[in-house]
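All of these numbers come straight from a predicted model, not from anything done at the bench.
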Amino acid sequence: MLRRGFLKRAAAVPLVGAAGRLWAAPASAPRLLVVFLRGAYDAASVLVPIGSDDYYAARPRIAIARPGTGPEAALVLPDQSDWGLTPAWADSLLPLYERGQLAAIPFAGTHDLSRSHFETQDHIELGQSDDPVAGRDFRSGFLNRLAEVLGARDAIALTSDLPLILRGAVKVPNLALGSVGRGGVDARQTELIRQMYAGTRLAGPVNDGFDVRQAAQRELMGGMEAASRNAITARGFEGEARRIGRLMRERHRLGFVDVGGWDTHVGQGAGTGALATRVGELGNGLAALAQELGEAAWRDTVVVVLSEFGRTFRENGNRGTDHGHGSTYWVLGGSVRGGRVVGEQVAVRMDTLHQSRDWPVLNEYRGVFAGLFQQMYGLSAAQLGRVFEGVMPVGLGLV
């Protein structure tokens with residue numbers, strides 16, 4: 001839990017005055033960073049259902065092996081027989097889990113069934129009603145509404161454009177992070193190389209090579225890049241994590257960053273491979289963030305990692321996975337009551353899947369966030385209603 005002293009101070013200071021005027025949140029208010037994995041990461045390759053025979057039958061080529069079966073096997077989680085952890089987090093986030101500073105929430109997500117990256121990302125960021133008749137107000141994202149309720153003026157979007165989640169009444173700046181990891185030769189460099197070889201005997205092979213490369217990128221990467229919405233890559237996040245930590249430590253107490261590249265339809269790999277590399281970079285970045293914040297600031301920080309939806313339980317013919325439904329959220333911080341897999345759960349079997357193909361959503365995202373906000377900030381039911389109208393908070397006891 002967050003420090004009891006902080007909770008008492010926060011509860012003693014009303015966030016909304018009798019006349020409805022917003023008051024500033026206490027100077028010791030906790031920090032919150034939301035990390036959005038755009039492209040729908042494969043949760044079953046990170047929090048691994050090692051107790052499920054059906055998981056291994058459904059993924060003969062990409063399942064993460066059971067613990068103790070080799071160097072690419074899942075990591076053992078204390079007091080867990082049903083779940084293991086990706087080996088990509090052995091040196092980064094497993095230590096946080098073992099210290100009780102990292103928790104997993106499987107079967108989490110939204111009830112949106114479009115399986116569209118854009119539809120579902122918008123749905124989550126807005127945090128509005130599931131009722132299609134009610135429509136959507138694209139001027140108001142749920143983190144902006146939280147900032148308004150808190151009277152906060154220290155929110156920031158660590159993105160190239162202001163995301164929906166932070167649009168609204170409170171003016172929030174955005175700061176684009178570096179483009180580390182976005183790829184090798186860009187369009188300008190390609191043209192320069194073409195010109196360099198023009199008129200030589202190598203002009204034809206060079207041009208043909210670039211044409212083939214560009215065609216392959218359009219075919220294999222176009223969907224992934226679109227789903228990422230210009231988000232920084234996992235490698236870029238790892239490189240920028242310390243900068244984010246300094247910003248959150250010194251000035252900002254409410255932040256959002258998105259990380260792209262998770263739409264793994266093809267060749268995602270198992271304990272090693274393309275997905276494991278990205279997951280490892282993400283874990284290294286989160287560990288570096290915690291280190292850069294320092295012990296005192298990390299103690300008052302909560303980081304939530306989520307994605308728009310999960311992926312199919314079965315692998316596809318390309319050794320990847322397709323758009324699914326339920327996912328796993330991660331909550332970490334210096335005072336998070338972690339070292340646990342929390343929330344409503346069900347045995348991972350073929351007969352418990354959603355539509356016989358995906359993890360179900362048992363822990364709806366708005367209820368999960370509402371429960372966190374209630375515990376972190378001591379918000380009243382009326383205040384929570386301004387962030388998530390008509391949503392009951394789900395108390396998972398994480399802070």
Side-chain angles (χ1 to χ4, degrees), residues 35-49 55-56 58-65 69-75 84-94 115 117 178-186 212-241 257-287 305-324 327-328 330 358-359:
V35 181
F36 201 122
L37 307 184
R38 296 196 190 275
Y41 88 107
D42 180 37
S45 290
V46 183
L47 182 68
V48 185
Y55 166 76
Y56 290 98
R59 296 185 172 205
R61 298 172 297 179
I62 67 168
I64 309 293
T69 59
E72 298 180 16
L75 305 172
L85 191 68
T86 171
W89 283 358
D91 299 322
S92 57
L93 295 189
L94 177 61
R115 292 196 177 89
H117 294 295
S179 58
V180 176
R182 290 198 181 278
V185 182
D186 61 24
V212 170
R213 175 178 176 271
Q214 289 169 352
Q217 285 179 327
R218 283 193 298 270
E219 182 176 350
L220 298 177
M221 299 299 294
M224 181 179 289
E225 290 176 354
S228 296
R229 290 188 168 180
N230 204 35
I232 196 169
T233 64
R235 184 170 58 172
F237 175 74
E238 180 182 4
E240 292 285 347
V257 62
D258 49 10
V259 182
W262 304 98
D263 198 18
T264 52
H265 290 280
V266 178
Q268 71 177 49
T272 59
L275 179 59
T277 297
R278 295 189 191 104
V279 169
E281 291 165 345
L282 174 70
N284 291 339
L286 292 169
V305 182
L306 73 155
S307 198
E308 63 262 39
F309 45 73
R311 304 195 74 82
T312 48
F313 188 66
R314 298 179 182 86
E315 66 179 66
N316 61 27
N318 294 317
R319 303 192 181 206
T321 48
D322 299 317
H323 298 178
S327 185
T328 295
W330 299 89
D358 312 316
W359 279 15

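With sequence neighbours left out, the side chain to side chain contact (heavy atoms under 4.5 Å, CB included) criterion links A88 to T86, V279. Every residue meeting the side chain to side chain donor-acceptor pair (under 3.5 Å) condition with T321, not counting sequence neighbours, appears here in chain and number order: Q268, R311. In terms of the salt bridge (Lys or Arg N to Asp or Glu O under 4.0 Å) criterion, R314 has no residue partners (sequence neighbours excluded). Residues passing the ring pair (Phe, Tyr, Trp, His ring centres under 6.0 Å) test with F309 are H117, H323, sequence neighbours excluded. In terms of the ring pair (Phe, Tyr, Trp, His ring centres under 6.0 Å) criterion, residue partners of W330 (sequence neighbours excluded) are, by chain and number, W89. Every residue was checked against the side chain to side chain contact (heavy atoms under 4.5 Å, CB included) condition with A276, not counting sequence neighbours, and none meets it.
In D91, the CG atom is not crowded: 12 or fewer heavy atoms of neighbouring residues, nucleotides or ligands sit closer than 6.0 Å. At most 12 heavy atoms of other shown residues, nucleotides or ligands fall within 6.0 angstrom of atom CZ in R319.
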Check your understanding: Given T328 and V46, is the side-chain contact (heavy atoms from CB on, under 4.5 Å) satisfied, shown in steps?
Key -> CA-CA 9 Å; T328 295; V46 183; over 6 Å; no

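For S92 (side chain) and A287 (main-chain N/O), no donor-acceptor pair under 3.5 Å exists by modelled atom type.
Looking at R278 and T264, their side chains come closer than 4.5 Å, going by heavy atoms from C-beta outward. Side-chain contact between L282 and W262: present, with at least one pair of heavy atoms (C-beta onward) separated by less than 4.5 Å.
For the atom pair I232 CD1 and E238 CD, the distance stands at 11.0 Å (nearest 0.5 Å). Remark: I62 CD1 to Y56 OH distance equals 12.0 Å, nearest 0.5 Å. With values rounded to the nearest 0.5 angstrom, I64 atom CD1 is found 5.0 Å from Y55 atom OH. Atom CG of N316 and atom CZ of R59 lie 10.0 Å apart (nearest 0.5 Å).
Nearest heavy-atom pair, A40 versus G310, reported as atom, atom and distance to 0.1 Å: CB-O, 4.1 Å. Nearest heavy atoms, W359 versus A44: CZ2-CB, 4.0 Å. Scanning all heavy atoms of the two residues, the minimum distance from E308 to R38 falls at OE1-CA, 3.6 Å. Nearest heavy-atom pair, P87 versus P71, reported as atom, atom and distance to 0.1 Å: CB-O, 4.4 Å.
Among the candidates D358, T312, D322, the single residue satisfying the side chain to side chain contact (heavy atoms under 4.5 Å, CB included) test with R115 is D358.
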